[in-house]
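Reviewing the structure listed below.
Note that the coordinates shown come from a computational prediction; the quantities given were computed from them, not determined experimentally. Chain A is the first sequence line, chain B the second, and so forth, proteins listed ahead of strands; every chain is numbered from 1.
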Amino acid sequence: MDYDPMVMDDAESVGPVVKISQADSVRTKFELSNADISFANSLRRVMLAEIPTIAIDLVEIEDNSSVLADEFIAHRLGLIPLNAEGADSLLYSRECDCEGHCEHCSVRLTLHAKCTGDENMHVSARDMVPTGDRINQAVGTPIIADAEGLGPLILKLRPGQEIKLECIAKKGIAKEHAKWAPSAAIGFEYDPHNKLRHLDMWFESDAKTEWPPSEYATWEEPPQEGEPFDYDAVPNRFYFNVESAGNLPPDTIVGEGIKVLQQKLAGLIHELTEGEGGDGMNGDYSGPRSPEYSAGADGFGGGYATPYGNGGNQSSWGGAGGTTPYGTTPYGAGQSWS
Amino acid sequence: MPRATKFTKEEPSDAGSDVAMDEAPTSHQPESRDDMSIDPNENEEVEEDEVEEEEETQRVRLLPGSTPTAASFEFLNEGHTLGNALRYIIMKNPDVEFCAYAIPHPSEAKMNVRIQTFEGTTAIQALEKGLRDIQDLCDVVTDKFIDSREKFAAGISA
Ligand SMILES: [Zn+2]
């Protein structure tokens with residue numbers, strides 16, 4: 001059979017399709033179809049690691065007579081989900097004009113508890129009090145999702161023990177630290193019958209009976225008995241299960257995820273189009289210009305260079321005269337491209 | 001037992017990620033100095049971090065050895081999230097002969113994209129078109145998601 005690229009494009013001309021199968025305050029399950037796995041995976045990755053939320057980043061401990069070490073408590077505080085509504089319009093502390101932190105780039109929370117009774121006292125997220133100005137009334141408030149309305153347990157105090165501290169919650173992304181993750185988990189699944197054989201199922205005697213079918217197994221046609229393997233098949237339907245940690249509602253996570261991806265792209269396009277007009281690239285990162293400069297002038301030789309550069313005959317240790325790996329001082333002398 | 005006030009940083013931040021970009025070497029190229037060198041400027045780098053933010057750092061650049069129709073780009077602070085989707089969408093462009101991406105080293109936040117085009121378009125144009133195509137794709141998926149959510153909500157209340 002001749003390869004006809006139009007056959008593939010036919011399905012794609014319909015464009016991506018989204019179908020939601022479950023949506024509530026904690027999770028959204030949806031199917032993305034007619035999209036490529038590379039895009040579906042980008043969406044998954046961006047939702048996991050790059051959506052800005054807010055989490056405690058700085059803890060000033062005034063008094064701690066509990067059995068737990070300051071650092072241990074500070075770490076626990078960092079992991080408490082805080083409401084990230086409007087965190088988007090919060091500034092990153094490192095980009096704010098203020099010294100240290102202010103209401104435009106942080107939320108201040110205080111915790112003061114003393115066990116005055118004769119039974120052990122539980123200190124939980126409910127006891128954290130947002131203080132000072134905030135960009136809105138929701139951002140930075142601890143998420144309380146349990147029936148008792150207590151929120152996550154931070155520590156316990158024996159009679160007479162006391163904890164007094166102040167926290168600074170800052171905006172961040174999960175790529176830097178997992179405490180900024182908006183999602184508790186993101187389910188990502190395709191090809192429930194493993195027709196593409198991307199999975200190699202371990203089994204005792206029979207993989208079919210030992211592995212439970214996916215919840216999406218009924219959504220797709222099971223393979224026929226003795227069906228030949230389709231070498232041209234690619235995954236086309238992707239099943240997402242976005243579970244929120246409470247700081248952002250699940251459908252906001254999807255929306256924000258795409259937004260982050262868009263911003264990434266917009267930034268790069270801006271850079272590319274800006275670089276085109278200008279004379280450009282004298283420094284390393286001053287933008288791509290039309291590559292009309294003479295090949296070889298930079299010591300990289302003409303013609304094809306591998307994407308890893310060094311197409312010429314330089315030793316990978318730089319300095320042309322260098323005989324030892326460390327060459328002559330200063331290292332890399334004679335390289336004109338820096 | 002009241003104690004002296006002290007600051008506990010919740011997590012040590014990654015100092016390495018703050019190095020000014022103009023200090024950073026190209027992928028797979030030798031550092032202009034290495035750990036064994038004695039560099040009188042070594043300490044200045046720390047202070048430069050404070051000054052660094054005045055200008056937006058450039059996130060894409062053309063690697064040496066590129067020609068108009070066959071170019072390699074280096075992206076800073078990008079990874080598989082952008083790389084794979086970009087590779088796919090650029091390869092969909094019929095004017096593109098070849099496109100691939102690589103992350104040369106896992107501990108360097110750099111992603112390289114190689115684009116080779118047929119006559120009539122340049123690698124830079126193909127890259128820009130690729131980026132815009134993903135943007136359009138994002139727009140469509142956003143609309144479809146909002147649509148679908150509304151339909152789902154209507155289905156529940158009905
Ligand atoms: Zn500030």
Side-chain angles (χ1 to χ4, degrees), chain A residues 15-20 23 30 36 38-39 41-42 45-46 56-63 65 70-71 74-75 78 177 251 254-255 258 261-262 264-265 267-269 271-272 281 283-288 290-291 295 298 300 304-305 307-311 316-318 326 331-332 337-338, chain B residues 1-3 5-11 21-22 26-34 36-37 53 57-68 70-73 76 80-82 84-85 87-88 102 104 112 114 122 124 127-128 131-132 134-135 137-138 140-142 144-145 148-149 152:
Chain A
V17 177
V18 178
K19 203 163 88 190
I20 293 183
F30 66 95
D36 186 67
S38 61
F39 178 75
N41 193 40
S42 291
R45 287 175 62 99
V46 93
I56 291 169
D57 197 42
L58 216 52
V59 181
E60 193 179 335
I61 293 173
E62 204 174 299
D63 196 357
S65 51
D70 294 0
E71 291 84 350
H75 179 246
H177 191 294
D251 46 359
V254 181
I258 299 176
L261 206 53
Q262 295 265 40
K264 209 188 256 288
L265 295 161
L268 289 168
I269 290 170
E271 234 175 67
L272 276 179
M281 210 183 199
D284 263 14
Y285 277 96
S286 52
S290 346
D298 48 14
F300 276 89
Y304 275 27
Y308 308 116
N310 210 13
S316 58
W317 289 97
Y326 301 111
Y331 303 113
W337 45 271
S338 61
Chain B
M1 189 190 74
R3 303 178 346 171
T5 300
K6 65 176 170 184
F7 256 76
T8 309
K9 183 78 173 77
E10 201 276 308
E11 191 75 8
M21 278 315 167
D22 51 357
T26 348
S27 301
H28 275 237
Q29 294 303 316
E31 300 223 21
S32 51
R33 77 182 98 85
D34 64 40
M36 296 185 74
S37 68
E53 44 195 332
T57 35
Q58 196 75 28
R59 305 228 322 276
V60 214
R61 74 180 186 107
L62 204 56
L63 287 173
S66 299
T67 67
S72 301
F73 300 88
L76 287 184
H80 298 285
T81 306
L82 184 72
N84 197 18
R87 184 220 98 237
Y88 167 79
N112 290 351
R114 174 73 177 176
T122 66
I124 290 181
L127 174 63
E128 195 188 321
L131 292 167
R132 290 192 196 280
I134 306 180
Q135 272 196 321
L137 187 55
C138 285
V140 172
V141 173
T142 308
K144 295 282 173 87
F145 184 79
S148 177
R149 198 186 52 191
F152 183 82

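Across B:Cys138 and A:Leu265, no two heavy atoms sit closer than the pair SG-CD1, 4.4 Å. Looking at every heavy atom in both residues, A:Phe39 comes nearest to B:Val141 through CE2-CG2, 3.6 Å.
With rounding to the nearest 0.5 Å, the separation of CG in A:Leu268 from CD in B:Glu128 is 11.0 Å. Here B:Leu131 contributes atom CG and A:Leu272 contributes atom CG; the two are 6.0 Å apart, rounded to the nearest 0.5 Å. Here A:Ile258 contributes atom CD1 and B:Thr142 contributes atom OG1; the two are 3.5 Å apart, rounded to the nearest 0.5 Å.
The main-chain N or O of A:Pro16 is found under 3.5 Å from a side-chain atom of B:Lys144 such that the two form a donor-acceptor pair. Put simply, the side chain of B:Thr81 never gets that close to the backbone of A:Arg45: no donor and acceptor are under 3.5 Å apart. Side-chain atoms of A:Glu271 come within 3.5 Å of backbone N or O of B:Arg59 as a donor-acceptor pair.
Remark: B:Gln135 engages no residue in a side chain to side chain donor-acceptor pair (under 3.5 Å) (not counting sequence neighbours). For B:Arg149, the salt bridge (charged side-chain N to carboxylate O under 4.0 Å, His left out) partners two or more places apart in sequence, or in a different chain, are A:Asp251.
For B:Phe145, the parts lying under 4.5 angstrom from a heavy atom of chain A are both the backbone and the side chain. Heavy atoms closer than 4.5 Å to chain A are found in the side chain of B:Val140, but not in its backbone.
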